[in-house]
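These numbers come from the heavy atoms of this one structure, side chains and all, not from hydrogens, waters or symmetry mates.
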Amino acid sequence: MALPYQLTKQFKEGTEKLTASFSDEKDALEFMDAKIAWDHKTKVATIYRLYFHSDVIKEINAIEYETVHSAHFQEEKSSITPFGTSPKPGGFPTTKKREDIDDEDEQ
């Protein structure tokens with residue numbers, strides 16, 4: 001009995017080859033995401049296609065995926081601060097933030 005979900009991989013100018021088969025769509029999508037993440041990390045230009053029997057239900061181009069998700073990741077993780085964030089060894093006095101000093105002056 002053939003499994004209904006087929007995942008294929010195609011390199012930039014190569015032929016499309018079967019990578020894996022699954023009985024469950026959720027398992028197929030998780031595996032596909034892991035493969036795309038690896039290709040993103042290693043900068044391999046690939047296209048993954050998930051088929052249900054003979055119909056394409058999802059197609060991801062690794063290069064476009066990299067661009068969209070890298071920009072999204074940088075927006076979320078970017079938090080630049082002028083304050084030192086490294087931990088200090090025990091016994092050192094903690095420094096107050098500028099807002100705390102201003103609040104004390106006003107009182």
Side-chain angles (χ1 to χ4, degrees):
M1 181 172 106
L3 298 174
Y5 294 96
Q6 308 286 321
L7 180 64
T8 63
K9 178 179 185 176
Q10 180 180 359
F11 289 100
K12 189 174 182 179
E13 295 183 18
T15 58
E16 187 175 14
K17 294 184 181 180
L18 180 65
T19 302
S21 299
F22 300 91
S23 58
D24 184 41
E25 182 179 8
K26 181 181 175 189
D27 293 338
L29 291 172
E30 287 175 4
F31 184 80
M32 186 178 190
D33 287 341
K35 296 297 263 180
I36 287 286
W38 178 255
D39 286 352
H40 163 67
K41 185 176 183 178
T42 57
K43 299 182 182 185
V44 177
T46 53
I47 298 173
Y48 285 91
R49 292 182 185 93
L50 181 61
Y51 290 88
F52 180 71
H53 295 291
S54 61
D55 299 325
V56 177
I57 58 173
K58 189 165 188 175
E59 179 177 299
I60 298 178
N61 183 331
I63 299 300
E64 293 172 5
Y65 179 85
E66 174 185 354
T67 304
V68 170
H69 291 282
S70 292
H72 181 68
F73 178 77
Q74 289 172 354
E75 287 175 13
E76 288 181 358
K77 294 293 181 181
S78 175
S79 61
I80 299 172
T81 177
F83 303 112
T85 57
S86 60
K88 294 182 179 175
F92 280 86
T94 58
T95 56
K96 295 182 179 182
K97 293 184 181 177
R98 184 71 192 156
E99 299 94 33
D100 295 338
I101 294 170
D102 290 340
D103 289 342
E104 288 177 3
D105 292 342
E106 291 173 4
Q107 293 177 356

*Does the pair Asn61 and Glu59 meet the rule for a side-chain contact (heavy atoms from CB on, under 4.5 Å), with working shown?*
CA-CA 7 Å; Asn61 183 331; Glu59 179 177 299; over 6 Å; no

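- Under the 4.5 Å side-chain heavy-atom criterion for Ile, Leu, Val, Met, Phe, Trp and Tyr, Phe31 and Ile47 are members of distinct hydrophobic clusters.
- How far CG of Asp33 is from CD1 of Ile60: 6.0 Å, rounded to the nearest 0.5 Å.
- Both Phe22 and Phe52 belong to a common hydrophobic cluster when Ile, Leu, Val, Met, Phe, Trp and Tyr are linked at side-chain heavy-atom distances under 4.5 angstrom.
- Contact between Asp39 and Thr46 at its shortest, heavy atoms only, is OD2-OG1, 2.7 Å.
- Closest of all the heavy-atom pairs between Tyr5 and Ile57 is CE2-CD1, 3.9 Å.
- One finds the CG atom of Leu3 at 10.0 Å from the NE2 atom of His53 (value rounded to the nearest 0.5 Å).
- Taking NZ of Lys9 as the start and CG of Leu7 as the end, the distance is 9.5 Å to the nearest 0.5 Å.
- Through chains of ILVMFWY side-chain contacts below 4.5 Å, Val56 is grouped with Tyr51.
- Atoms CG and CD1, on Leu29 and Ile36 in that order, are 11.5 Å from each other to the nearest 0.5 Å.
- Through direct or relayed side-chain contacts under 4.5 Å between Ile, Leu, Val, Met, Phe, Trp and Tyr, Phe11 connects to Val44.
- The minimum heavy-atom distance linking Tyr48 with Lys35 is given by the pair OH-CB, 3.5 Å.
- Under the rule for a salt bridge (charged side-chain N to carboxylate O under 4.0 Å, His left out), the partners of Glu16 that lie at least two apart in sequence or sit in another chain are Arg49.
- Judged by distance alone, with hydrogens and angles left aside, the side-chain atoms of Gln10 form a donor-acceptor pair with the main-chain N or O of Gly14 at under 3.5 Å.
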